[in-house]
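Remember, it's 1-based here, ligands and their atoms both numbered in the order they're listed. FYI, side chains are in, hydrogens and waters are out, and symmetry mates aren't considered; it's all heavy atoms of this structure.
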Amino acid sequence: MKLDTKALRYLNPSDWRTLTAVETGSRNHEVVPTPLIANLSKSSVGDVQRSISLLAKANLIAKVKNAKYDGYRLTYGGLDYLALHSLQKGNIVYSVGNQIGVGKESDIFVVSDEKGEQRVLKIHRLGRVSFKKGVRNKRDYARTRTQKERGAGSWMYMSRLAAVKEYAYLQALHDVGLSVPTPLGQNRHHLVMSLVDGFPLRQIDKVPDAAGLYAELMEMLLRLCSLGLIHGDFNEFNILIREEEGGDGVKLIPVLIDFPQMVSVDHANAEFYFNRDVECVKRFFARRFGFSSNEEGPFFKDARQLVGKDGVKRLDVEVEASGFSRKMAKELEAYMKEHGVDGDAKASEAVDEETADSDSQSHEEEDDDDSERDDGVSEPVTS
Ligand SMILES: Nc1ncnc2c1ncn2[C@@H]1O[C@H](COP(=O)(O)OP(=O)(O)OP(=O)(O)O)[C@@H](O)[C@H]1O
């Protein structure tokens, strides 16, 4: 989805208040009635009318005729503006540059701060799939939705949860020195992190020391486990490789970038996810680099022993306490399950030698037409 920031500069305070009013009103209104917008925005009637028409023209809000009354709803563009505006006020983002990634559930942009330093803006867009197909719209306006559907079930809320989750893990992992981008800020469904100067492992054809890199990735999985976490989507799409000059030549450093499925080692499906992570790396190294380790494992039962060993912090517990609660985790998980969101695990499994070359592209194409994702990776336990 495009992020057209043109109007960002010319919105005046009344426009921002009006946009915020539509957002606030959306919490309990499918379609926010115009008088409510006026009321919430605390602007004069004339100002509100002007702002509404400007916001509608810029596609930040959309007019909806509902059976009972006319009103407006916030668009993804409008929510983007509110998030960006807050990130700009917090001096986290100054300007928005090129889009560098389109995921199934997110868009990635390069942004810069005031000094021109480049950063990455990741915008979570859960629910975009149903929007595209109009499924959700039809459902939304055909009947009155329950409170749960309006609030907790909405794309806005779920996208925000996904960003809160990613940011909480990013912070926790960064704090303990795991190789992840530096978290820089989060607002609504947006999060900002440092730009990693590297490429997804997926795009790398040759490595000087496959055994070394493999060992490092397994080490990372075990380290995560010792911190109480299972990645759940640990694969060549979510590991960036950057080069670092060292005394003995160039070293390849893996950086973990995406944790849509991160779960606690105590999660009912922890073992399944752990094994799948291990298998993903094994399969990729065999296929791409012709490397297979002589060692079996690592096994979950051994990895599980590492949890909390030598006083290591449990990040699953910490993250839960830090703002991404167990209730939020459950809501997000249920939503992702319902919508067939399952990271890249299946995509990685499905690709064989023939398609492996043009992969980054095929991954994107897949994102586009595979709208109703049905990854079908069976999980043994439903929690
Ligand atoms: N911090 C970063 N630095 C550099 N590039 C990044 C960074 N974060 C993401 N990218 C780029 O954007 C791409 C998509 O990122 P990410 O995997 O986080 O998005 P996603 O929406 O979860 O994708 P998908 O759903 O397809 O897995 C990455 O493959 C990488 O090329």
Side-chain angles (χ1 to χ4, degrees), residues 1 3 76 92-93 96-113 117-129 155 158-159 161-171 173-174 178-186 189-204 231-244 253-262 276-277 280 284 332 335-336 339-351 358-375 377:
M1 181 174 150
L3 181 61
Y76 247 129
I92 294 159
V93 173
V96 179
N98 292 335
Q99 181 158 11
I100 54 166
V102 187
K104 287 167 291 293
E105 281 86 30
S106 73
D107 290 322
I108 317 270
F109 294 86
V110 172
V111 295
S112 47
D113 68 2
E117 200 194 338
Q118 294 197 314
R119 301 172 158 189
V120 163
L121 167 69
K122 178 163 177 176
I123 306 182
H124 282 273
R125 299 203 192 281
L126 289 186
R128 148 161 77 188
V129 163
W155 55 269
M158 287 302 159
S159 300
L161 275 195
V164 169
K165 175 178 182 177
E166 180 160 5
Y167 199 71
Y169 281 117
L170 205 51
Q171 271 183 318
L173 293 173
H174 187 259
L178 208 99
S179 181
V180 293
T182 310
L184 299 169
Q186 183 257 322
H189 59 316
H190 287 195
L191 71 114
V192 181
M193 59 188 137
S194 62
L195 175 76
V196 177
D197 183 14
F199 298 98
L201 179 57
R202 187 95 183 109
Q203 287 172 19
I204 295 179
H231 187 281
D233 197 24
F234 195 84
N235 57 52
E236 62 275 21
F237 297 107
N238 294 333
I239 297 158
L240 297 185
I241 303 289
R242 64 177 178 83
E243 295 184 343
E244 198 172 270
I253 314 279
V255 185
L256 197 54
I257 54 160
D258 190 21
F259 339 99
Q261 328 243 86
M262 191 86 98
R276 189 171 72 176
D277 284 351
C280 261
F284 181 76
L332 186 60
Y335 182 90
M336 287 169 72
H339 290 251
V341 179
D342 193 25
D344 301 307
K346 192 67 180 183
S348 133
E349 253 170 59
V351 177
S358 56
D359 51 35
S360 63
Q361 227 193 336
S362 73
H363 179 50
E364 275 174 22
E365 278 163 12
E366 210 176 316
D367 295 339
D368 260 27
D369 44 30
D370 186 15
S371 325
E372 297 285 16
R373 293 200 79 201
D374 178 15
D375 283 344
V377 177

- Task: Using the side chain to side chain contact (heavy atoms under 4.5 Å, CB included) rule, pick out the option among D258, I204, L256, V255 that qualifies with I239.
- Result: L256
- For V196, is at least one N or O under 3.5 Å away from an N or O on ligand 1? yes
- Message: Tell me whether E166 has any N or O atom under 3.5 angstrom from an N or O of ligand 1.
- Response: no
- Message: Between Q261 and M336, is the side-chain contact (heavy atoms from CB on, under 4.5 Å) condition met? List the steps.
- Response: CA-CA 9 Å; Q261 328 243 86; M336 287 169 72; 3.7 Å; yes
- Query: Of all heavy-atom pairs between I257 and P181, which one has the smallest distance, and what is that distance?
  - Reply: CG2-CG, 3.9 Å
- Tell me which part of R202 gets within contact of ligand 1: side chain, backbone, both or neither, using heavy atoms under 4.0 Å. neither
- Message: Please give me the minimum heavy-atom distance between R125 and Y76, naming the atom from each residue.
- Response: CA-OH, 3.1 Å
- Residue among S194, P183, S179 satisfying side chain to side chain contact (heavy atoms under 4.5 Å, CB included) with H174: P183
- Taking all heavy atoms of L332 and all of A162, pick out the closest pair and write down the distance. CD2-CA, 3.9 Å
- Atoms of ligand 1, numbered as shown, that sit under 4.0 Å from any heavy atom of L240: 3 (N), 4 (C), 5 (N), 6 (C), 30 (C)
- Atom indices of ligand 1, in the order listed, that fall short of 4.0 Å to a heavy atom of M193: 1 (N), 8 (N)
- Sub-4.0 Å heavy-atom approach of S194 to ligand 1: yes
- Query: Checking side chain to side chain donor-acceptor pair (under 3.5 Å) against E166, which of Q186, Q171, H124 comes through?
  - Reply: H124
- Task: Would you indicate which of G101, G198, S106 comes nearest to atom 21 (O) of ligand 1 when only heavy atoms are counted?
- Result: S106
- Proximal atoms of ligand 1 relative to P181 (non-hydrogen, under 4.0 Å): 1 (N)
- Query: With a 4.0 Å heavy-atom cut-off (strictly under), which part of N238 contacts ligand 1: side chain, backbone, both or neither?
  - Reply: side chain
- Out of I257, L195, V120, whose heavy atom sits nearest atom 28 (C) of ligand 1? I257
- Task: Could you establish whether P200 and ligand 1 come within less than 4.0 Å of each other, counting only heavy atoms on the residue side?
- Result: yes
- Look at the side chain of K165 and the backbone N and O of M262, then say whether any donor-acceptor pair between them is shorter than 3.5 Å. yes
